[in-house]
Amino acid sequence: MIAAHLPIQRPQQAKLLVIDARGDITHVPRIRFVDFLRNGDLVVANDAATLPASLQGAHLPSGLPVEVRLASRRSLTSDDVRHFSAVVFGDGDFRTRTEDRRPPPQLKAGDQFALGPLLATVNSVLGHPRLVELSFQGGVDEIWAGLAKHGRPIQYAHVAMPLALWDVWTPIAGPPVAFESPSAGFVLDWRTLLAMRASGVSVATVTHAAGISSTGDQELDRHLPFDEPYYISPATACAILRSRARCGRIVAIGTTVVRALEHAADPTGRVHAGYGLATQRINATSRLCVVDAILSGTHEPGTSHYELLRAFTDDETLSRASAELNAAGYRTHEFGDSVLVETGSDRSIIGPAAARR
């Protein structure tokens, strides 16, 4: 696949590969996404806004430059903004491929980073030389102001120009809790939402702190995704029940939505409202209790996002899809094209609405 190198959320030429419950594959323009929904379906998206989670600064004990990428925290509350896990790189920035980045200086508990106006202390090294738990000094308002002033969106070398926050906020962005953009939601705009409503498709949201997609280290990447906090409102939990009662499908916009809904569900598939911490990794061995289909970006085999897609369909189908994505020149990463994958269940097959009438 081709790396999408321009920060355009909804390019006119965006493509969509559709895998239905039979494993049949269809290629359409992504603007036709709504055609593959039906009356009674519920689309659930992640409304998290993206934090400026990349912080350039210095490792004070050595005086060497570092980049600190905030990677996770255990709460969504705005007052709990002192404690994070973070991935630390040596000198350099996003223009160097993540896997080619220099390692940080040797880190130990008590080390401090000067990150613009912020001062952070390493509480512990989390089993890998570049993964730490850190705490910011200062008051809550001071920390938020420092992040806003000095931080930048986390980005990778396939996009050459520096990203602004508005490049990575989805059209439905709300609470600033994500470390990278829940970019599957780029597909949503007012025209799409109005088309869903006209088709009898409902829309609901969850708030899920989408984590980082790469650490630059294969060993550490095997631990992705890290634990991620989420919130599911009573309104969203009720909307899922209503859709189920109407024999509608639950269509997740992005992997974070799948992770939140499946973690919050009991074995019967009932989703419980409230705060939670998603600790599970969804893969081919997982049994999906809630989500019937996912709209996601295009992902390379071996990534945590691809592993999650294996819960929706078999490996042979995904291999065929990967071959077709490559042959058709699909674009990957956050500004790339999309796939829509339905579980191989006994629910109605995905297909254009006109064909089902």
Side-chain angles (χ1 to χ4, degrees), residues 19-21 37-38 40-48 72-77 172 174-175 177-178 182 184-185 188 196 201-211 223-296 299 304-314 318 339-350:
I19 303 174
D20 68 20
L37 305 175
R38 64 173 172 84
D41 283 351
L42 176 68
V43 169
V44 185
N46 185 356
D47 68 3
S72 67
R73 60 178 179 146
R74 300 187 68 83
S75 169
L76 295 179
T77 61
I172 62 167
V177 297
L188 300 174
M196 289 181 189
V201 176
S202 300
V203 179
T205 61
V206 301
T207 303
H208 184 110
H223 296 281
L224 295 176
F226 296 142
D227 295 350
E228 297 167 339
Y230 63 84
Y231 173 70
I232 298 173
S233 69
T236 293
C238 288
I240 293 170
L241 282 176
R242 286 196 302 271
S243 182
R244 284 284 189 239
R246 299 172 62 190
C247 296
R249 295 165 301 180
I250 310 303
V251 181
I253 305 296
T255 58
T256 57
V257 174
V258 178
R259 201 176 185 210
L261 294 182
E262 295 296 332
H263 188 268
D266 63 26
T268 69
R270 185 184 182 94
V271 173
H272 297 275
Y275 290 92
L277 183 69
T279 58
Q280 86 282 36
R281 293 182 179 87
I282 298 175
N283 53 37
T285 65
S286 303
R287 173 180 173 267
L288 298 174
C289 297
V290 182
V291 180
D292 301 296
I294 179 175
L295 179 78
S296 183
H299 303 296
S304 61
H305 296 82
Y306 186 94
E307 286 298 301
L308 184 142
L309 295 182
R310 295 179 68 204
F312 285 82
T313 192
D314 61 81
L318 284 177
V339 296
L340 176 63
V341 186
E342 187 179 28
T343 56
S345 67
D346 59 0
R347 291 185 172 272
S348 298
I349 302 297
I350 282 182

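Note that the coordinates shown come from a computational prediction; the quantities given were computed from them, not determined experimentally. All values below come from the heavy atoms of this structure, side chains included, with hydrogens, waters and symmetry mates left out.
Atom CD1 of Ile294 sits about 5.5 Å away from atom CG of Leu308, to the nearest 0.5 Å. One finds the CG atom of Leu295 at 13.0 Å from the CD atom of Glu342 (value rounded to the nearest 0.5 Å). Going from atom CZ of Phe226 over to atom CG of Leu277 covers 13.0 Å, rounded to the nearest 0.5 Å. Rounding to the nearest 0.5 angstrom, the gap separating the CG atom in Asp47 from the OG1 atom in Thr207 is 3.5 Å. The OG1 atom of Thr255 sits 15.0 Å away from atom OH of Tyr306, with the distance rounded to the nearest 0.5 Å.
One N or O on the side chain of Asp41 and one on the backbone of Arg249 form a donor-acceptor pair closer than 3.5 Å. At distances below 3.5 Å, not a single donor-acceptor pair connects side-chain atoms of Arg287 with backbone N or O atoms of Ala311. Of the possible polar contacts, one joining the Arg73 side chain to the Ser75 backbone as a donor-acceptor pair under 3.5 Å is found. A donor-acceptor pair is defined here as one N or O able to donate and one able to accept, closer than 3.5 Å; such a pair exists between the side chain of Ser286 and the backbone of Asn283. Side-chain atoms of Thr236 come within 3.5 Å of backbone atoms of Thr205 as a donor-acceptor pair (strictly under, hydrogens ignored). Here the side chain of Thr256 pairs no donor or acceptor atom with the backbone of His208 at under 3.5 angstrom.
Here the closest non-hydrogen pair linking Ile240 and Leu261 is CD1-CD2, 3.8 Å. Here the shortest heavy-atom pairing between Ala264 and Ile232 reads CB-CD1, 3.4 Å. Nearest heavy atoms, Asn46 versus Pro182: ND2-CB, 3.6 Å. Of all heavy-atom pairs spanning Val291 and Thr343, the tightest one is O-CG2, 3.7 Å. In terms of heavy-atom proximity, Gly269 sits nearest to Val290 at O-CG2, 3.7 Å. The two atoms that bring Val201 and Leu37 nearest to each other are CG2-CB, 3.8 Å, heavy atoms only.
When side chains are defined from C-beta on, Ile282 does not count as touching Glu307, because their heavy atoms never get closer than 4.5 Å. Put simply, the side chain of Ile250 reaches to within 4.5 Å of the side chain of Val44, judged on heavy atoms. Contact check for Leu288 versus Phe312: side-chain heavy atoms found under the 4.5 Å cut-off.
For the residue pair Thr279 / Asp227, no side-chain donor-acceptor distance below 3.5 Å is found, with atom types taken as modelled.
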Assess whether side-chain contact (heavy atoms from CB on, under 4.5 Å) is satisfied between Ile253 and Val43, documenting all intermediate values. CA-CA 7 Å; Ile253 305 296; Val43 169; 3.5 Å; yes

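Residue pairs meeting the salt bridge (Lys or Arg N to Asp or Glu O under 4.0 Å) criterion with at least one partner in residues 258-271, sequence neighbours excluded, are Glu228-Arg259. Residue pairs meeting the ring pair (Phe, Tyr, Trp, His ring centres under 6.0 Å) criterion with at least one member in residues 232-265, sequence neighbours excluded, are Tyr230-His263.
Salt bridge present: Asp292 and Arg244 bring a charged side-chain N and a carboxylate O closer than 4.0 Å.
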